[in-house]
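Shown next, in structure tokens, is the structure this report addresses.
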Number of protein chains: 2
Amino acid sequence: MDQLTQSEENYIKAIYSLQQKTSSPVGTNDLADRMDTKASSVTDMIKRLSDKKLIQYKKYKGCELTDNGMRTALKLIRKHRLWETFLVEKLNFGWDEVHEIAEQLEHIQSLKLTDQLDKFLNYPKFDPHGDPIPDAEGEIQQREQSFKLNELAMDQSAVVIGVADSSASFLRFLDRHKINLGSSICVKEVYEFDDSREILINDELVTLSAAATSKITVQLV
Amino acid sequence: MDQLTQSEENYIKAIYSLQQKTSSPVGTNDLADRMDTKASSVTDMIKRLSDKKLIQYKKYKGCELTDNGMRTALKLIRKHRLWETFLVEKLNFGWDEVHEIAEQLEHIQSLKLTDQLDKFLNYPKFDPHGDPIPDAEGEIQQREQSFKLNELAMDQSAVVIGVADSSASFLRFLDRHKINLGSSICVKEVYEFDDSREILINDELVTLSAAATSKITVQLV
DNA sequence: CTTTATTTTTAGACAAGACTAAATCTATAA
DNA sequence: TTATAGATTTAGTCTTGTCTAAAAATAAAG
Ligand SMILES: [Mn+2]
Ligand SMILES: [Mn+2]
Ligand SMILES: [Mn+2]
Ligand SMILES: [Mn+2]
């Protein structure tokens, strides 16, 4: 079980996340898109990861993480989300500023560091974007049933518990509308023609596009 | 001023530290030794760093950091020592465990991260090994006159303020003798034949070889 | 069941960083 | 001042990770 390069680790994470969405084996082009690279480069990397038994790969049939690959992915996600939490909780970063930095920090190799950080943060269960943080055993806390805000009908009330897009631009958009984790909201109007919604939040009404509401995770209250 | 690779950054740090010791231009072989690599690899890298104007280089004449290279080195050292401080102060690492991890963390790119970390740690002036931490402008706090413990004569009293060797094995040796930063010591005997010294520390007498005492930095009291 | 269109893989190149072996420069000692 | 040891550079090769262009396999239409 030798060290992986940062590049290999980033691929593993990407495969994990695509796998979660589609369940079926991950295609070379999808992975290329996600990694912002070319299909031929992906094929090369896929062979390396397959040699290291982190993924299972049949030519032309896509790839899937092995158990070992899965454990590797969860460790990376754990580190990523712990660091994000650290940056927001301890160093006063905004939730829109931490992803890039965590993308680097997640590659630091030291089991003890991860576990001490976890302890220092008091074993947080969710990161600043509402995503669950795997524990030291790779177990992920399962959430109560949740919805995307665009699934709610008129007059339904809910609490924001996560975002499905951690890009700085989307998060700053939410900041501008004072929407954060824990915000109480209520759907006041649904405009059928474009599926946009008028939302009551902090005693103010804002209209959010379907593109926006589909990226906001909520729990009914 | 594009991004440097981790490898380039490690070379810059090594050149800085060799330069401090010897002042004169740094030789290819010395650098190869320090980097634990081959002279030919060093020549390759030296050319790259010279192209980037981080060092000045004349064939066969060795290399020296430019002003730009110097600033780069100081930023790295700042990050390295801040992270070491973080690991010891906040995550309960021993001073013998932090160097390796800081060697990775120093390469994280984010000015804001460094400065917020500095603030979070309350602008520490020295790292867990007693080495000065450059401030955001690259200024290093100058120390009062200090000595190596092997320079002290009989009956001289002093306080330990630093170590000249941050290797885990040496630091664990010091731990075993309960010698840490701030320890008050007194030279009780100097054995001329091998320059070893009997030291009073915590009301106990220990005999330290010249190899050991030459790596312990002290200030007279 | 062929013929396209799409996806995926191969072939060949390149840059970074490393290595070995060989060549070349510099310094030192006879 | 020349021979020689030591330091340094060059030449050529390797691996990782990337690319473009072209070939091959699969999927989708007609
Ligand atoms: Mn990453
Ligand atoms: Mn996150
Ligand atoms: Mn380093
Ligand atoms: Mn240190």
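Proteins come first, then strands; the chains are lettered A, B, ... in the order of their sequence lines, and each starts at number 1.
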In whole angstrom, give the distance that lies between atom [atom1] of [X] and atom [atom2] of [N].
X	N	atom1	atom2	answer
B:D33	D:dA7	CG	P	10 Å
B:M35	D:dT8	CE	C1'	18 Å
A:L31	C:dT7	CG	C1'	14 Å
A:I46	D:dT18	CD1	C1'	15 Å
B:K47	D:dT8	NZ	P	14 Å

Base, sugar-phosphate, or nothing: which does [X] touch, judged by heavy atoms less than 4.0 Å apart?
X	result
B:G27	sugar-phosphate
B:K58	nothing
B:T43	base

(request) Report yes or no: is the cationic atom of B:K90 (NZ for Lys, CZ for Arg) under 6.0 Å from the centre of the six-membered ring of B:F120, at an angle within 45° of the ring normal? (result)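 Relative to the ring axis of B:F120, which defines the angle, B:K90 lies inside both limits.
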
(request) Please determine if B:K47 forms a cation-pi arrangement with B:Y57, meaning its NZ or CZ atom is less than 6.0 Å from the six-membered ring centre and no more than 45° off the ring axis. (result)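 Pair B:K47/B:Y57 does not count as cation-pi.
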
(request) Could you tell me whether the side chains of A:T213 and A:K148 share a donor-acceptor contact shorter than 3.5 Å? (result)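 No.
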
(message) What's the separation between atom NZ in A:K215 and atom CG in A:L174, rounded to the nearest 0.5 Å?
(response)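 Result: 9.5 Å between the selected atoms.
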
(request) Enter the distance from B:K79:NZ to B:T114:OG1 here, rounded to the nearest 0.5 Å. (result)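 Taking NZ in B:K79 and OG1 in B:T114, the distance rounds to 5.0 Å.
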
(request) Scan nucleotides 13-28 of chain C nucleotide by nucleotide, 5' to 3', and note B when protein non-hydrogen atoms come under 4.0 Å of the base, S if they reach only the sugar-phosphate, - if neither. (result) ----SBBB---BS---

(message) Go nucleotide by nucleotide along DNA chain D from the 5' end; which of B:V26 and A:K52 gets its closest nucleotide reached first?
(response)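 Its nucleotide being nearer the 5' end, the pick is B:V26.
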
(request) Could you tell me whether B:E106 and B:R78 make a salt bridge, using a distance below 4.0 angstrom between a side-chain N and a carboxylate O? (result)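 No, B:E106 and B:R78 are not salt-bridged.
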
(message) Please tell me if A:N29 has a side-chain N or O lying less than 4.0 Å from either OP1 or OP2 of C:dT6.
(response)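 So the side-chain polar atoms of A:N29 never come under 4.0 Å of the phosphate oxygens OP1 or OP2 of C:dT6.
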
